[in-house]
Amino acid sequence: MRFPLPLPVFFTTGVAVSAIAISACTTVPDTGRRQLNILPASQEISMGLTEFQKYKQEKRISNDPQMNARLQRVAAQLTRVIPLPDAQWEFVVFEDATPNAFALPGGKVGVHTGLFEITENDAGLAAVVGHEIAHVVARHGGERVSQTTMTGVAGSLLQAGLKGASGITSGQSSAILGAYGAASSLGVILPFSRKQELEADELGALYMARAGYDPHEAVAMWERFAAYKGRAGSGSKPEFLSTHPVDSTRIAKLNEFMPRAMSEYRG
Ligand SMILES: [Zn+2]
């Protein structure tokens with residue numbers, strides 16, 4: 001759900017942003033990585049809640065009993081162990097043949113019906129959902145927007161526009177939501193960085209292990225995704241794969257992480 005980035009020329013106000021950044025470092029739980037986050041978590045959460053409400057009104061919700069039961073089962077396991085204290089958890093299956101899933105700040109998770117044939121089983125679904133929620137726990141959307149706001153033309157775009165009551169610009173808001181996979185209006189291309197993807201893979205594997213799923217199933221699931229991509233051909237690249245490139249490096253890195261994940265496996 002990302003759209004081309006328009007490139008209007010605005011003038012930056014970089015000095016003001018730099019001053020804010022000094023007191024805007026946060027730490028990612030479990031990896032301990034320090035990151036830049038210039039926007040308060042509360043603003044991200046209220047955006048996530050609003051966006052999910054909109055998404056539910058605009059998209060068809062699936063009544064498929066098996067898919068819904070599987071998602072709720074996996075959700076019950078994962079939410080016991082995922083460190084997202086302010087979450088108002090909600091897991092919804094949407095009618096959409098595109099294999100995709102997303103998680104928004106505030107604990108709102110959407111899974112497309114088209115994803116279930118690739119995830120295959122509970123552990124496979126836990127791998128994707130755990131990965132998506134890891135992006136939220138690690139506040140990767142806010143971090144991406146913060147990094148971009150500090151530099152370059154996209155940053156100028158993010159700073160432009162009227163600030164709403166929450167003090168956040170419309171550009172920043174849609175960029176954050178876009179990063180989490182749910183941009184609706186303006187739409188700025190701001191995919192997660194490679195580093196963030198690897199971090200989400202590792203956190204997702206940890207959550208799986210703590211929730212009682214063998215984290216090796218995450219590796220198997222990404223391999224199924226790679227096979228699906230091969231079958232679908234280069235002409236029809238599904239959204240999830242366009243933002244989650246599956247390659248041998250990624251799978252190898254996840255494999256390297258297995259000993260740590262297995263040390264927390266409660267199977
Ligand atoms: Zn990801």
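Just so you know, these numbers use all the heavy atoms, side chains as well, and skip hydrogens, waters and symmetry mates.
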### Task
Could you check if a side-chain atom of Met262 sits within less than 4.5 angstrom of a side-chain atom of His216, using non-hydrogen atoms only?
yes
### Message
For Phe102 and Phe94, take the angle between the two ring planes, folded into 0 to 90°, and tell me which bin it lands in: parallel under 30, tilted 30 to 60, perpendicular over 60.
### Response
parallel
### Query
For Leu71 and Val92, what are the C-alpha separation, side-chain angles and deciding distance, and is it a side-chain contact (heavy atoms from CB on, under 4.5 Å)?
CA-CA 8 Å; Leu71 180 59; Val92 177; 5.8 Å; no
### Message
Taking the side chain as everything from C-beta on, heavy atoms only, tell me whether Phe225 gets closer than 4.5 Å to Ile251.
### Response
no
### Message
Donor-acceptor pair, distance only, cut-off 3.5 Å: does the side chain of Glu143 make one with the backbone of Asn37?
### Response
no
#### Entry: Steps toward side-chain contact (heavy atoms from CB on, under 4.5 Å) verdict (Arg194, Thr249)
CA-CA 11 Å; Arg194 181 115 184 138; Thr249 313; 3.5 Å; yes
### Query
Is a side-chain donor or acceptor of Lys108 paired with a backbone partner of Gly48 at a separation under 3.5 angstrom?
no
### Query
Should we count NZ of Lys59 as having more than 12 external heavy atoms under 6.0 Å?
yes
### Query
Can you find a heavy atom in the side chain of His135 that is under 4.5 Å from one in the side chain of His131?
yes
### Query
Heavy-atom distance under 4.5 Å between the side chains of Leu203 and Ile133, does that happen here?
no
### Message
Using modelled atom types and a 3.5 Å cut-off, is there a donor and acceptor pairing between side-chain atoms of Arg60 and backbone atoms of Glu95?
### Response
no
### Query
With a 4.5 Å limit on heavy-atom distance, are the side chains of Pro99 and Glu117 in contact?
no
### Sidechain N-carboxylate O distance under 4.0 Å for Asp64, Arg70
no
### Task
Could you check whether the rings of Tyr55 and Phe52 sit parallel, tilted or perpendicular, using 30° and 60° as the cut-offs?
parallel
### Summary
dist Ser263:OG -> Met258:CE (nearest 0.5 Å) comes out at 11.0 Å
### Task
Please tell me if the side chains of Ile82 and Thr79 come closer than 4.5 Å, counting only heavy atoms from C-beta onward.
no
### Query
Which residues satisfy the side-chain hydrogen bond (donor to acceptor under 3.5 Å, both in side chains) test with Lys253, sequence neighbours excluded?
none
### Query
Hey, are Glu199 and Arg33 close enough for a salt bridge, meaning a charged N less than 4.0 Å from a carboxylate O?
yes
### Task
Would you mind checking if Lys56 and Glu90 are paired as a salt bridge, meaning a charged N to carboxylate O distance below 4.0 Å?
yes
### Query
When hydrophobic residues are tied together by side-chain contacts of less than 4.5 Å, even through go-betweens, does Val74 share a cluster with Leu84?
yes
#### Entry: Approximate separation, where rounding is to 0.5 Å, of Leu254 CG and Glu223 CD
9.5 Å
### Query
Can you check whether Ala261's main-chain N or O pairs, donor with acceptor, with Glu264's side chain at less than 3.5 Å?
no
### Message
Just so I know, are the side chains of Leu206 and Arg260 near enough to count as touching, which here means a heavy-atom distance under 4.5 Å?
### Response
yes
### Query
Short question: side chain of Asn68, backbone of Ser62 - any donor-acceptor pair under 3.5 Å?
yes
### Task
First locate atom CG of Leu125, then atom CD1 of Ile118, and finally report the distance between them rounded to the nearest 0.5 Å.
12.0 Å
### Query
Same hydrophobic cluster for Leu198 and Leu36, using side-chain heavy-atom links shorter than 4.5 Å among ILVMFWY?
no
### Task
Go through Leu78 and Trp89 one step at a time and tell me if the side-chain contact (heavy atoms from CB on, under 4.5 Å) criterion holds.
CA-CA 11 Å; Leu78 286 176; Trp89 292 115; over 6 Å; no
### Message
Any side-chain to backbone donor/acceptor pair from Glu217 onto Ala126? Under 3.5 Å, distance only.
### Response
no
### Task
With the side chain counted from C-beta on, respond yes when Val109 and Val136 share a heavy-atom pair under 4.5 Å apart, and no when they do not.
no
#### Entry: Under 3.5 Å donor-acceptor, Gln72 side chain and Phe91 backbone
yes
#### Entry: Donor-acceptor contact present, side-chain Thr113 to main-chain Asp96, <3.5 Å
yes
#### Entry: Audit row: Val128, Met221, side-chain contact (heavy atoms from CB on, under 4.5 Å) steps and yes/no
CA-CA 8 Å; Val128 177; Met221 195 283 305; 3.4 Å; yes
### Task
Could you check Glu51 against Lys54 for salt bridge (Lys or Arg N to Asp or Glu O under 4.0 Å), going step by step and ending with a plain yes or no?
CA-CA 5 Å; Glu51 187 67 18; Lys54 233 166 43 187; 3.5 Å; yes
